[in-house]
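Comments concern the structure below.
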Amino acid sequence: MELRVIDKTDEELRIEVAGEDHTFMNVIKGALLETEGVAAATYDMNPEQSGGQTEPILSIKTEAGVDPLDALGEASRNVQDTVDDFSAAFEAAAQ
């Protein structure tokens with residue numbers, strides 16, 4: 001996965017997430033929407049309507065005083081924690 005910041009302000013971030021599809025993008029968008037201080041999160045991956053774009057673009061808007069990069073980091077850690085919890089529960093159930 002490669003990340004490329006397209007646009008960043010104090011409260012908005014647009015970042016290209018190369019090599020990912022709807023599965024990952026929906027997970028990270030959902031985690032962002034559950035993150036405190038995030039006002040909006042969405043992604044676009046429609047190349048025909050996006051000027052030839054082929055990789056998904058994640059857009060984040062935060063409330064005043066919340067850095068969108070910090071929010072993305074927190075959301076990513078929350079996804080990792082959820083995956084770790086699921087893996088542990090699965091391993092315990094499979095024994």
Side-chain angles (χ1 to χ4, degrees):
M1 169 187 316
E2 290 183 38
L3 304 177
R4 182 176 66 91
V5 174
I6 296 170
D7 207 17
K8 180 173 183 322
T9 66
D10 289 344
E11 296 165 358
E12 292 187 35
L13 174 66
R14 291 184 63 231
I15 189 166
E16 181 180 68
V17 186
E20 295 303 329
D21 60 15
H22 288 288
T23 303
F24 177 78
M25 297 307 294
N26 275 313
V27 169
I28 198 67
K29 179 187 82 170
L32 279 161
L33 292 172
E34 294 175 357
T35 301
E36 189 172 332
V38 173
T42 189
Y43 70 92
D44 176 32
M45 52 191 314
N46 188 344
E48 289 86 32
Q49 296 177 351
S50 302
Q53 163 201 334
T54 58
E55 301 292 350
I57 305 292
L58 178 65
S59 299
I60 305 165
K61 182 171 172 60
T62 58
E63 297 170 357
V66 178
D67 187 296
L69 283 173
D70 291 342
L72 180 57
E74 183 178 339
S76 298
R77 285 186 293 279
N78 289 341
V79 169
Q80 184 62 54
D81 290 345
T82 300
V83 169
D84 291 345
D85 291 346
F86 178 82
S87 293
F90 177 80
E91 300 236 350
Q95 293 182 12

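For this chain, numbers begin at 1 and follow the sequence in order.
- Leu72 and Val5 fall within the same hydrophobic cluster, where Ile, Leu, Val, Met, Phe, Trp and Tyr residues are linked whenever their side-chain heavy atoms come under 4.5 Å apart, directly or through other members.
- Contact check for Leu32 versus Leu58: side-chain heavy atoms found under the 4.5 Å cut-off.
- For the atom pair CD1 of Ile60 and CD1 of Ile15, the computed distance is 7.0 Å after rounding to the nearest 0.5 Å.
- For Ala41 against Leu33, the heavy-atom pair with the smallest separation is N-CD2, 3.6 Å.
- Side chain of Glu11 to backbone of Val66: no donor-acceptor contact under 3.5 angstrom is found.
- The stretch residues 85-95 participates, sequence neighbours left out, in no side-chain hydrogen bond (donor to acceptor under 3.5 Å, both in side chains) pair at all.
- A distance of 5.5 Å separates OG1 in Thr35 from CG in Asn78, rounded to the nearest 0.5 Å.
- Under the side-chain contact (heavy atoms from CB on, under 4.5 Å) criterion, Ala31 pairs with Ala75, Val79, sequence neighbours left out.
- Hydrophobic clustering, with ILVMFWY side chains joined whenever heavy atoms are under 4.5 angstrom apart, groups Met1 together with Leu13.
- Distance check: Glu63 CD to Lys61 NZ gives 10.0 Å after rounding to the nearest 0.5 Å.
- Annotation for Arg14 and Ile57: closest pair NH2-CG2, 3.7 Å, computed over non-hydrogen atoms.
- Here salt bridge (charged side-chain N to carboxylate O under 4.0 Å, His left out) pairs that include residues 64-81, with residues two or more places apart or in two chains, are Lys8-Asp67.
- Nearest heavy-atom pair, Glu20 versus Glu55, reported as atom, atom and distance to 0.1 Å: N-OE1, 4.4 Å.
- By the 4.5 Å heavy-atom criterion applied to side chains, Val17 and Leu3 are counted as neighbours.
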